[in-house]
Enquirer: 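Have a look at this one before I ask anything.
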There are 2 protein chains.
Amino acid sequence: MKKTILVFSLLIFALLLLFQLSNYAVVSGDFSIQFIIATIAIVFFMVGVFIHKKSLKTNRKSSTAIDYKKIKALEITDREYEVLQGISEGLSNKEIADKLFLSESTIKTHVSNILLKLNAKRRTQAIQIAKDFQII
Amino acid sequence: MKKTILVFSLLIFALLLLFQLSNYAVVSGDFSIQFIIATIAIVFFMVGVFIHKKSLKTNRKSSTAIDYKKIKALEITDREYEVLQGISEGLSNKEIADKLFLSESTIKTHVSNILLKLNAKRRTQAIQIAKDFQII
DNA sequence: TGTATTTTGGTACTTTAGTATGAGCTCCTA
DNA sequence: TAGGAGCTCATACTAAAGTACCAAAATACA
């Protein structure tokens, strides 16, 4: 946010500078009016592109970031979340169990709880719901 | 592509128009030079934003667009692809069968073939691989 | 220190997923 | 017109996935 303010301050400053420059230029006749207009057009076109680029970057970050608040809101525990990640990686219960050094029974318990909390019937549906919620 | 050419043509035309307008304005003294500069700055700033938005849309499409060539390369048929979409939506074989007005047996056959072609052990893994390949 | 939550794991069971194999059908093409 | 590709469906089977219920540790927390 601070950067945005800085950028806009600089923009206004640049505009004011242009005013002065244009006054001088027109009076003295050093530059043609067309040249000034073209310069302004190009510069502000580039500024527009730049600003938009920046704003999109911020948005894109928030669109792919994991919504940890949502995870809490769904009452998904740390262990359950680890299991959910395993599911989304396409692992079987046995593979998740080996990865986390747990028994398959434990994973099954966790999976059942995850399905309840995500209101899913299957693990594949859980993947979809979790992606919609942006928690994976 | 045709649209891009059109937009740029219009831009050049607008610029030429501005040249004429500015000449007239300065000579006649109807508008202050500052007003003209400010107008140009704002207009071209917006044009910059707009153009960048458009270009990003095209890029974003290609980044999230479905890689149909890849589907062909993997020799995934039309029907199989429909089933794959069902899988990625978190549907069961029975649900996919009902959706496509087919028997569950048929879906199982398709799923087996999809798993072979994607080199996946499970449907959850198929989802991951298909997303990596950007075919869903 | 007692209580709540989380984590772990088991048994027994039902359901779904996936494999293997065979077969009939349509459409296209060499 | 014979063969290939794709689509459909069935049976029979094995392997996972998922449910229900229970219970013992471990951890957190007031």
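Just so we're on the same page: letters track the sequence lines, and every chain starts at 1.
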Enquirer: Atom CG in A/Leu102, atom NZ in A/Lys94: separation rounded to 0.5 Å?
Expert: 10.5 Å
Enquirer: For residues 123-133 of chain A, which residues have at least one heavy atom under 4.0 Å from DNA chain C?
Expert: none
Enquirer: Contacts to DNA chain C from residues 73-87 of chain A, heavy-atom cutoff under 4.0 Å, which residues?
Expert: A/Thr77, A/Asp78, A/Arg79
Enquirer: Provide, to the nearest angstrom, the distance between the CZ atom belonging to B/Arg122 and the C1' atom belonging to C/dT19.
Expert: 15 Å
Enquirer: Evaluate A/Tyr81 against A/Ile136 for side-chain contact (heavy atoms from CB on, under 4.5 Å), listing each step before the verdict.
Expert: CA-CA 9 Å; A/Tyr81 185 65; A/Ile136 53 169; 4.2 Å; yes
Enquirer: Could you tabulate the donor-acceptor pairs under 3.5 Å formed by side-chain atoms of residues 115-129 of chain A, not counting sequence neighbours?
Expert:
unit_1   : atom_1 : unit_2   : atom_2 : d
A/Lys117 : NZ     : A/Glu75  : O      : 2.7
A/Lys117 : NZ     : A/Glu80  : OE1    : 2.7
A/Lys117 : NZ     : A/Glu80  : OE2    : 3.1
A/Arg122 : NE     : B/Gly90  : O      : 3.2
A/Arg122 : NH2    : B/Gly90  : O      : 3.4
A/Arg122 : NH2    : B/Glu95  : OE1    : 2.7
A/Arg122 : NH2    : B/Glu95  : OE2    : 3.4
A/Arg123 : NH1    : A/Leu91  : O      : 2.9
A/Arg123 : NH2    : A/Asn93  : OD1    : 2.1
A/Gln125 : OE1    : A/Lys121 : N      : 3.0
A/Gln128 : NE2    : B/Ser88  : O      : 2.8

Enquirer: Do B/Ile42 and A/Phe44 have side-chain heavy atoms sitting under 4.5 Å apart?
Expert: no
Enquirer: Quickly work out the B/Ile96 CD1 to D/dC7 C1' distance and round it to whole Å.
Expert: 16 Å
Enquirer: Do B/Met46 and B/Phe50 have side-chain heavy atoms sitting under 4.5 Å apart?
Expert: no
Enquirer: Just verifying a value: how many Å separate B/Gln85 CD and B/Ile66 CD1, rounded to the nearest 0.5 Å?
Expert: 6.5 Å
Enquirer: Please report the interatomic distance CD1(A/Ile87) to OG(A/Ser92), rounded to the nearest 0.5 Å.
Expert: 11.0 Å
Enquirer: Would you indicate whether the side-chain heavy atoms of A/Phe133 and A/Ile76 approach each other to under 4.5 Å?
Expert: no
Enquirer: Just how far is it from atom OG1 of A/Thr109 to atom CD of A/Glu104, taken to the nearest 0.5 Å?
Expert: 10.5 Å
Enquirer: Rounded to the nearest 0.5 Å, how far apart are NZ of A/Lys72 and OG1 of A/Thr77?
Expert: 12.5 Å
Enquirer: Are OP1 or OP2 of D/dA17 and a side-chain N or O of A/Asn93 less than 4.0 angstrom apart?
Expert: yes
Enquirer: Which residues pass the side chain to side chain donor-acceptor pair (under 3.5 Å) test with A/Glu82, sequence neighbours left out?
Expert: A/Arg79
Enquirer: Could you check whether any side-chain heavy atom of B/Thr106 comes within less than 4.5 Å of a side-chain heavy atom of B/Val83, counting everything from C-beta outward?
Expert: no
Enquirer: Among residues 97-118 of chain B, which contact DNA chain D at a heavy-atom distance under 4.0 Å?
Expert: B/Leu102, B/Ser103, B/Ser105, B/Thr106, B/Thr109, B/His110
Enquirer: Heavy atoms, side chains only, cut-off 4.5 Å: are B/Ile135 and B/Leu84 in contact?
Expert: yes
Enquirer: Extract from the structure each pairing of a protein N or O with an N or O of nucleotides 27-30 of chain D at less than 3.5 Å, listing the distance.
Expert:
none

